[in-house]
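Quick notes on the structure that follows.
Residue numbers start from 1 in every chain, and the chains themselves are labelled A, B, ... in the order their sequence lines are given, proteins ahead of strands.
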Amino acid sequence: MSDRAEIVRVDDLVKDVRPGFGLRVKRILEGISFRVREREIFGFIGPNGAGKTTTLKVLMGLIRATSGRASILGHDVSEISFRRQIGFLPEQPYFYDYLTGREILRFYSKLSGVRREHRERRVTELLELVGLTAAGNTRLRGYSKGMLQRIGVAQALVHDPQVVFLDEPMSGLDPVGRKEVRDIILRLRDEGKTIFMNTHILSDVEMVCDRVAIIVNGRIRYEGAIDEFLDAGEPEADLVFANLPAETAVQLEESFGARLRGHGDRIELRIAEKDSSAALRLALDAGAVVISATPHRVSLESIFLSAVNEAGAEGGAR
Amino acid sequence: MIGRIWAMAVNTAREAVRNKLLYTLLFFALIMMLFGTVLSALSYVDRERMVQDFAFSSIRLFSVAIAVFVGVGLIHKEVERRTVYTILSKPLSRAEFLIGKYTGLVLIIWLQVAIMALFFAGVSLLLGAPLGFAHLAALALTAVELALVVALATLFSSFTTPLLSSFFSCGLWIAGHLTRDLRDHGASSASALVREGTTWMHRILPDLESFNLSLEAAHQLPVAASDVWFPALYGAGYVAAVLAFAVMIFERRDFR
């Protein structure tokens with residue numbers, strides 16, 4: 001993974017703002033650094049107000065960083081010409097609602113420098129890709145929130161960019177729409193594109209992202225491959241029994257360091273994966289019934305929550 | 001670059017064409033011209049001049065109203081509605097965006113002036129009122145004045161709200177029509193401060209009276225080519241300076 005080219009490079013990015021007219025300065029980004037490599041789906045996750053959208057706006061040249069450096073495909077983000085190679089879907093996008101779906105894609109294709117002879121074909125392809133062929137000649141003011149999100153995805157791809165930046169791409173979509181957008185993202189990766197995705201929907205991140213960075217209070221708390229996160233530590237298993245005698249439960253706890261939790265007549269225990277066969281044998285010999293035995297994966301949610309709590313504790317200590 | 005500016009301009013023009021406010025103002029302008037015709041029937045002398053005076057004033061006033069009302073929201077609305085996010089993520093500079101928006105609105109306003117001018121010509125012909133080069137020159141300079149008013153509205157729209165932009169634009173339009181008189185009155189003042197102040201005011205603020213040839217048109221007075229070219233060049237220079245200033249402000253903005 002690491003030998004792949006760096007597509008996005010952010011070093012010590014700081015953004016200060018002055019809320020209102022006072023002299024008070026609020027730091028939104030506190031020197032963040034991360035890399036996005038070629039052909040990966042990078043999830044930039046964090047709670048609301050963490051600095052995700054601010055980072056993305058700096059990358060898109062919509063706001064200027066107070067200090068630090070950000071570059072895409074080796075170009076400083078303040079440059080214009082390289083934007084031919086990037087696509088951007090903002091959060092809750094708004095488009096000219098007096099235009100039809102087809103007209104808006106035509107407009108963006110002109111701005112993006114798509115050659116005249118390719119425009120119509122490209123617009124038709126994209127309407128089909130996002131499932132809006134039938135609504136192509138309807139004005140956007142007649143579109144639902146989900147349809148606007150899809151036309152937003154289409155405009156981000158209209159010039160066939162090498163890197164795509166998506167800010168909350170699944171927001172406002174129903175489960176079917178979310179799956180469709182997920183499929184589009186995976187398809188783009190298969191086509192060799194690099195995708196940077198801002199989101200706080202962790203299940204989507206687990207499903208599509210190769211690497212993630214967690215930002216909390218303007219600081220990157222974790223960055224790495226998603227499998228590294230999820231496979232961190234010793235592998236564990238969750239065993240669920242019925243009719244487990246109390247003395248066997250105590251024995252399991254003492255011998256294997258199992259953590260027990262009771263639900264009525266069911267006992268759930270988490271144990272090191274290497275000890276799971278011995279624990280199962282012991283429980284079965286004692287007359288217990290096995291309800292389930294599954295390998296336990298650390299969820300992204302637990303890592304995310306621990307990052308948020310850690311940041312909260314630091315904030316409290318400061 | 002031209003292609004991108006043109007794409008923005010065409011889209012802005014399309015937005016204006018689909019805006020009902022414009023049709024309402026155009027409709028009222030045409031009604032006012034007809035009203036002038038009715039009013040002139042009450043007069044025994046100079047009926048044609050009265051009709052033309054009324055029509056010219058209608059064209060100028062309603063065109064300025066359109067320029068200000070649409071112009072003040074031109075950039076502000078894009079930022080407020082966040083349409084600017086997707087547009088500026090494309091290979092388009094902020095200067096190209098702003099100039100494209102400006103060009104689109106100017107083209108639409110000129111189109112409206114052309115429609116009103118055709119109506120004016122029709123009414124004049126029906127009444128047997130004379131039409132000549134002076135009328136064409138007056139309309140051409142009105143078009144230049146409108147381009148300048150749109151530039152001012154665009155400048156204000158690039159950093160403040162439509163309401164404040166309307167105040168500033170209308171205020172400058174009124175001041176722009178008074179600055180020449182103010183300079184002339186100031187010149188006869190005993191105070192050097194007043195003399196210098198009014199002279200500098202005339203130099204800095206747009207001299208919109210230099211675009212006013214309606215008197216020459218209504219009275220069929222001779223108009224020299226330089227009466228058109230000099231104000232036109234002055235207007236073009238002023239528009240360029242105002243737009244450069246607007247771009248400078250817009251370039252520095254953060255879209256939070």
[X] versus [Y]: any side-chain heavy-atom pair under 4.5 Å?
X: B:Arg82; Y: A:Glu91; value: no
X: B:Thr86; Y: A:Pro90; value: yes
X: B:Leu88; Y: A:Leu62; value: yes
X: A:Tyr108; Y: B:Ile87; value: yes
X: A:Lys110; Y: B:Asn11; value: no
X: A:His159; Y: B:Lys90; value: yes

> Given the options B:Arg253, B:Arg252, B:Glu78, which has more heavy-atom pairs under 4.5 Å with chain A than any of the others?
Replying inline: B:Glu78

[X], [atom1] atom: more than 12 neighbouring heavy atoms under 6.0 Å:
X: B:Phe255; atom1: CZ; result: yes
X: A:Glu79; atom1: CD; result: yes
X: A:Arg18; atom1: CZ; result: yes
X: B:Phe167; atom1: CZ; result: no
X: A:Arg187; atom1: CZ; result: no

Heavy-atom contact with chain B under 4.5 Å, split by part of [X]:
X: A:Gln85; answer: neither
X: A:Leu99; answer: both
X: A:Arg116; answer: neither

>> Sort by residue number and list every residue of residues 93-105 of chain B having at least one heavy atom under 4.5 Å from chain A.
In response: B:Ser93, B:Arg94, B:Lys101

> Do B:Arg81 and A:Asp97 sit within salt-bridge range, that is, some charged N less than 4.0 Å from a carboxylate O?
Replying inline: no

> Among A:Gly61, A:Gly87, A:Ser112, which has the most heavy-atom pairs under 4.5 Å with chain B?
Replying inline: A:Ser112

>> So, taking the atom named CG in A:Leu56 and the one named OG in B:Ser89, what distance separates them when rounded to the nearest 0.5 Å?
In response: 9.5 Å

> How many angstroms lie between NZ in A:Lys57 and OH in B:Tyr85, if you round to the nearest 0.5 Å?
Replying inline: 3.0 Å

> Who passes ring pair (Phe, Tyr, Trp, His ring centres under 6.0 Å) against A:Tyr96, sequence neighbours left out?
Replying inline: A:Tyr98, A:Phe107

>> Can you give me the closest heavy-atom contact between B:Leu92 and A:Ile80, atom names plus distance?
In response: N-CG2, 3.6 Å

